[in-house]
Amino acid sequence: MIDLHDLRERPEEYQRTCQNKGIKVDVAAFLKLDAEYRKSRADFESMRASQNAVSKEIPKLSGAEKEAKLAEMKGLAEKLKEATSTLKELEEQWQKQQLLLPSIPLPQVPVGKDDSENVFSRAWGEVPKPSFDLRDHIRLGKELDLFDVERGVKIAGTRSYFLKGDGMRLQHAVMSLALDLLHKSGYTLMDPPHIVNWNAMMGTSYFPGGEEMAYHLDQRDDGYYLIGTSEVPVASFHAEEILAQEELPKRYAGYSPCYRREAGAYGKDTAGLYRVHQFYKVEQVVLCRADADESMRMHQELLGNAEKLMQLMELPYRVVEVCTGDMGQGQVYKNDIEAWMPSRKAYGETHSCSSFYDFQARRLNTRYKDGNGKNVFCYTLNNTLVASPRILIPLLENHQNADGSVTIPKALRPYMAGQEVIVPKS
RNA sequence: GGAGAGAUGGCUGAGUGGUUUAAGGCGCCAGUUUUGAAAACUGGAGAUCGGUUCGCCGAUUCAAGGGUUCGAAUCCCUUUCUCUCCGCCA
């Protein structure tokens with residue numbers, strides 16, 4: 001949701017954003033509806049005002065005088081009923097359409113049509129150039145007995161898997177390291193609800209628009225959805241609240257399974273653990289003051305935390321500036337982190353760091369009292385800290401050895417009972 | 001799953017059709033008093049939207065939505081949530 005005063009001030013800017021973000025919204029048409037809606041509302045309110053005024057007089061009257069007034073009011077009540085229904089109709093349309101309006105990206109965001117036009121920013125780590133033939137994570141998974149996709153598909157359909165043995169232990173180790181890292185950095189760890197209502201999906205701006213991506217509970221529990229990320233419940237945590245300025249920034253780390261239908265991704269990344277229906281993720285969520293500098297500081301902090309974890313896991317990665325066409329409706333600034341995946345001979349997206357300014361907070365109605373006692377919408381941000389099993393791909397592939405074993409990065413060993421290497425079963 | 005009771009401002013809590021413009025209390029803010037504080041006294045204060053001559057004016061808001069009525073916190077219907085008891089259960 002955006003500030004409609006701002007939209008009325010500079011509609012061209014919003015229309016251009018729609019083009020840049022690839023969103024099909026006609027701003028001029030919305031403004032026309034907006035004017036109509038406000039006119040209808042003014043009409044309704046003035047009728048209501050006169051009704052309220054007369055209602056106060058009626059109990060003081062009696063006899064014929066009272067009868068006359070009542071008859072008169074009956075006519076007004078009918079007109080009001082009509083006015084109410086047109087207002088309701090307009091309001092419904094207005095509400096629906098304003099949820100589709102995008103926020104304007106920061107000036108430094110590159111304009112582009114899709115992820116092919118994202119801009120490389122910087123890289124960390126050495127891309128391995130081994131003297132032996134590299135195995136991909138699927139082969140490593142088989143030889144080291146880390147996961148079983150065939151049986152996953154047997155039990156739960158495409159894009160399903162079992163993690164087992166050291167595969168499961170490795171994932172658990174990654175999550176533990178990740179949670180410890182954020183705990184030490186002062187983040188509040190959270191295990192949130194995995195099933196949420198429509199308001200939470202709308203408030204975090206996944207709905208409307210992302211319905212096809214979410215698992216929707218059946219008629220018996222209609223109106224509830226499986227989360228695709230803990231950002232949804234965690235960012236909604238303070239919905240409808242007014243916080244004190246001193247409490248900000250709020251730093252949260254949500255840990256949860258994530259469920260995604262991956263509709264529209266048929267045939268894409270079908271092999272292995274890259275794109276699956278269910279995965280685990282530690283997600284960083286921040287609520288801060290409505291201040292551009294503060295928001296950017298927090299953005300860099302979130303990005304820095306993710307980079308630190310990548311470095312602890314000794315994984316080569318790069319950071320990209322995401323272009324307008326690859327941004328969401330509400331995001332104003334976004335960086336992806338991509339890990340080097342030898343089997344793809346390419347970097348693959350593992351993290352997504354987003355600044356929303358007040359876009360989500362307006363939908364969620366999360367505010368704070370500023371220094372002047374005024375209620376102001378918070379700014380929100382979020383970034384992946386780590387998601388698994390996708391992270392197992394670079395982890396296994398980058399750390400493999402000529403004999404088919406995989407070396408466990410030092411930082412993970414304490415979480416795997418000191419184990420240093422995963423060796424083939426044979 | 002069965003039976004019952006509820007949802008009122010920051011909190012507590014009255015209010016069963018019209019001076020309720022939501023009482024009273026607690027907490028909060030300001031002033032008086034005080035060396036300062038406390039206490040006492042006096043006054044003030046919710047949120048959202050629209051309009052505005054920037055003084056204000058109007059509408060909405062008593063869980064949510066609909067209905068009855070000239071008029072609804074109050075009556076009716078639906079939904080959501082909370083609590084108590086019973087059943088089931090990791």
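Because the structure is a prediction, the values reported are computed rather than measured. Note on naming: letters A, B, ... go to the chains in the order of the sequence lines (proteins, then strands), and numbering restarts at 1 for each one.
- B/U68 and B/G4 have their C1' atoms separated by 28 Å, with the value rounded to a whole Å.
- When the side-chain nitrogen and oxygen atoms of A/Lys74 are compared with OP1 and OP2 of B/C70, one or more of them lie within a distance under 4.0 Å.
- Atom pair A/Leu80:CG and B/A72:C1' shows a separation of 15 Å (rounding to whole Å applied).
- Taking the six-membered ring where tryptophan is involved, the planes of A/Tyr255 and A/Tyr280 are tilted, since the angle between them lies from 30° to 60°.
- Residue-level contact check: A/Lys88 touches the backbone only, with heavy atoms under 4.0 Å from sugar-phosphate atoms and none from bases.
- Nucleotides B/G15 and B/A22 place their C1' atoms 8 Å apart, quoted to the nearest Å.
- Ion pairing between a basic and an acidic side chain is recognised when a charged N comes within 4.0 Å of a carboxylate O; A/Glu82 and A/Lys79 show no such pairing.
- Between A/Lys81 and the phosphate of B/U68, there is a side-chain N or O to OP1/OP2 separation shorter than 4.0 Å.
- With sequence neighbours excluded, no residue forms a ring pair (Phe, Tyr, Trp, His ring centres under 6.0 Å) with A/Phe356.
- Counted by atom type alone, A/Glu321 and A/Tyr333 present one or more donor-acceptor pairs between their side chains at under 3.5 Å.
- By the 4.0 Å N-to-carboxylate-O rule, A/Arg48 lies too far from A/Glu45 to be salt-bridged with it.
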Indicate every side-chain donor-acceptor pair of residues 67-78 of chain A with a distance under 3.5 Å to a residue at least two apart or in another chain.
none

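- Residue A/Lys39 is classed as having no contact, given no heavy-atom separation below 4.0 Å to the nucleic acid.
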Inset, instruction - Give the B/S/- string for nucleotides 48-62 of chain B, one per nucleotide from 5' to 3', where a protein heavy atom under 4.0 Å of the base yields B, of only the sugar-phosphate yields S, and otherwise -. - result: SSSS------BSS--

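- Consecutive Watson-Crick or G-U pairing (both distances under 3.5 Å) extending over three or more pairs maps onto RNA chain B as B:1-7 with B:80-86, B:10-12 with B:24-26, B:28-32 with B:40-44, B:46-51 with B:56-61, B:63-67 with B:75-79.
- Salt-bridge check for A/Asp43 with A/Lys39: passed, with a basic side-chain N closer than 4.0 Å to an acidic carboxylate O.
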When the side chains of residues 99-113 of chain A are checked against the rest of the protein, which donor-acceptor pairs come out under 3.5 Å, sequence neighbours left out?
from: A/Ser103; atom 1: OG; to: A/Gly330; atom 2: O; distance (Å): 2.6
from: A/Lys113; atom 1: NZ; to: A/Glu117; atom 2: OE2; distance (Å): 3.4

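- Using a 4.0 Å heavy-atom cutoff across all strands shown, A/Glu72 reaches no nucleic acid atom at all.
- Close to B/G71, at under 4.0 Å from its OP1 or OP2, lies a side-chain N or O of A/Gln51.
- Residues forming a salt bridge (charged side-chain N to carboxylate O under 4.0 Å, His left out) with A/Glu150 (at least two apart in sequence, or on another chain): A/Lys142.
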